[in-house]
Number of protein chains: 2
Amino acid sequence: MAAERSGGGDPARTLALLWRRPPEPKPVGRKPKVSVDQIVTAAVAVADREGLGAMSMARVAQELGVGTMSLYTHVPGKAELIDLMADTVLQERDLTPEGGWRERVKHYADRTRAVYQAHPWMRDVSMVRPPLGPGLMDGQEFVLAALADSGLEPRQVTVAHVAVEGFVHGAAASEVDDQQLAATTGESGDSWWGARQVFWDDYFDVERYPAMTALWNAGAYDTEGTLADTITSSFDYGLDKLLDGIEGGMR
Amino acid sequence: MAAERSGGGDPARTLALLWRRPPEPKPVGRKPKVSVDQIVTAAVAVADREGLGAMSMARVAQELGVGTMSLYTHVPGKAELIDLMADTVLQERDLTPEGGWRERVKHYADRTRAVYQAHPWMRDVSMVRPPLGPGLMDGQEFVLAALADSGLEPRQVTVAHVAVEGFVHGAAASEVDDQQLAATTGESGDSWWGARQVFWDDYFDVERYPAMTALWNAGAYDTEGTLADTITSSFDYGLDKLLDGIEGGMR
DNA sequence: CCCCATTTCCGTAGGCCATACGGAAACAAT
DNA sequence: ATTGTTTCCGTATGGCCTACGGAAATGGGG
């Protein structure tokens with residue numbers, strides 16, 4: 001399915017929800033059975049367990065023991081709920097400003113990666129028109145402050161920021177993709193690749209792919225760790241090299 | 001919606017489709033009204049125009065003037081169709097091995113980016129358990145050959161490969177997200193941000209976000225180009241710095 | 001105590017989706 | 001013309017989001 005995202009909903013309403021500005025206390029009328037926080041928490045729980053595809057309004061309502069349509073009293077729609085979910089889990093990053101600028105950027109990357117690990121459905125949430133809530137904004141401030149401390153020119157800071165942000169979210173997403181698929185399809189990555197052994201037997205052409213063959217013969221793929229370990233170390237390696245490049249470009 | 005992907009379908013069947021190994025000519029029986037190629041082409045056309053979310057089996061069948069269920073004679077299911085679509089558009093890259101290893105990696109990045117530009121729905125296709133077809137494999141061979149020429153150790157080549165691949169696909173995905181959203185929601189990125197002017201007026205806290213405020217005041221965000229231009233130059237910048245880092249790490 | 005404005009709850013229904021099943025239709029060989 | 005084989009596709013099931021409108025709960029005023 002396509003990436004989930006907030007749409008044309010009233011920005012003012014969505015922002016008020018993101019920053020938890022209650023519309024104002026209601027002196028009369030029926031008492032709410034559920035709150036926005038409860039809805040978001042339940043939605044996150046469902047998505048954590050069964051993926052974003054399983055996070056339907058009906059499923060969340062069931063989780064809370066209320067009717068499906070009751071949710072729409074508190075939340076404009078599914079897209080806005082996903083925005084709330086994303087900003088909420090981004091707040092879990094708990095960023096502590098310690099060390100030099102490089103340490104802080106790596107800290108940011110690690111914390112963000114941890115969010116994706118804990119909430120694999122974040123892979124399916126687009127971040128180009130992000131939820132402008134505290135979770136996202138605090139993160140932006142943190143990286144920008146770190147990059148600004150590096151000595152880059154202001155204009156360069158913004159360019160480097162987009163590059164770092166893209167790398168972190170992209171790498172975290174692909175790192176998490178595998179476990180998300182394992183969870184939703186019930187098949188592990190290793191098992192998936194194992195079932196495709198046929199490919200190497202019946203389709204791989206040594207003459208068409210000399211570089212891959214050479215690397216294979218050189219033992220480049222004789223790794224002990226699991227697939228997940230390989231991806232993780234590549235994540236660290238890539239960020240390191242990216243920061244090396246940024247640092248080197250300043251001189 | 002969650003990322004679309006091929007599932008537990010019979011790998012042998014899917015591989016045969018990807019590499020276009022026809023099951024064997026049928027001497028008797030009713031003549032097919034449509035071919036696999038026609039189905040894939042129609043599906044790509046629909047997804048290009050209306051996004052992967054609109055690419056339903058019914059929609060594709062309608063496009064071809066056949067019944068929905070007829071498609072299932074030629075393709076096991078929707079997941080496998082998406083695999084075929086992805087591998088097909090990846091074949092459009094037309095990679096020419098010219099220049100040094102850096103030029104070739106950048107060439108690969110540019111061609112891959114072009115695929116995402118032409119087919120924004122690729123953002124929604126997971127690449128951790130990729131379609132093992134010619135489109136993907138030829139690309140892998142190309143980058144691996146380039147990286148192997150850089151002088152890195154074989155083990156290092158594979159690590160760098162994952163980092164580069166992650167960056168390229170991640171950056172291309174985020175670069176394309178905006179236009180995909182513009183296409184499916186009918187609202188441009190600039191219009192979207194404009195509607196969120198309220199945020200800066202009512203929610204942005206100068207004291208909470210000093211680094212952002214300082215950058216703003218320093219004119220770091222006074223760019224002439226569009227949002228898309230900014231993202232593109234950050235893409236180039238990021239890849240450059242990543243390759244700088246990889247190159248520097250060899251010495 | 002009753003009434004009523006106000007607010008929340010939620011059943012129904014419409015219009016999408018993927019795909020299992022099984023029969024109808026087309027075709028080649030006999 | 002019959003038969004075997006293959007493709008085509010109508011129907012049905014069970015899911016999804018959410019517009020609509022009425023039922024139920026609540027607190028205040030008479």
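Hydrogens, waters and symmetry mates play no part in the numbers below; they use all other heavy atoms, side chains included. Naming convention: chains lettered A, B, ... in sequence-line order (proteins, then strands); numbering from 1 in each chain. Computed from a predicted model, the values in this text were never measured in an experiment.
Arg59(A) has its CZ atom 9 Å from the P atom of dC16(D), to the nearest Å. Distance CG (Leu52(A)) to P (dG15(D)): 19 Å, rounded to an integer number of Å. Atoms NZ (Lys78(B)) and C1' (dC17(C)) sit 8 Å apart, rounded to a whole Å. The OH atom of Tyr72(B) sits 18 Å away from the P atom of dA12(D) (whole-angstrom rounding). In this structure, the CE atom of Met57(B) is 21 Å from the P atom of dG15(D), given to the nearest Å.
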Next item on the list: List the protein contact pattern of nucleotides 1-16 of chain C with one symbol per nucleotide (5' to 3'): B for base contact, S for sugar-phosphate-only contact, - for none; contact means a heavy-atom distance under 4.0 Å.
Entry: -----BBBBBB-----

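Side-chain atoms of Met57(A) and Leu81(A), non-hydrogen and from C-beta on, do get closer than 4.5 Å to each other.
With a 6.0 Å cutoff to the six-membered ring centre and a 45° limit on the axis angle, Arg111(B) does not count as a cation-pi contact of Phe142(B). Taking the ring centre of Trp200(B) as origin, the terminal cationic atom of Arg196(B) falls outside the region bounded by 6.0 Å and 45° from the ring axis.
Residues Glu80(B) and Arg13(B) are not paired through a salt bridge, judged by the lack of any N-O separation under 4.0 Å between the basic side chain and the carboxylate.
No more than 12 heavy atoms of other residues, nucleotides or ligands sit less than 6.0 Å from atom CH2 of Trp216(B).
Residues satisfying the ring pair (Phe, Tyr, Trp, His ring centres under 6.0 Å) test with His74(B), not counting sequence neighbours, are none.
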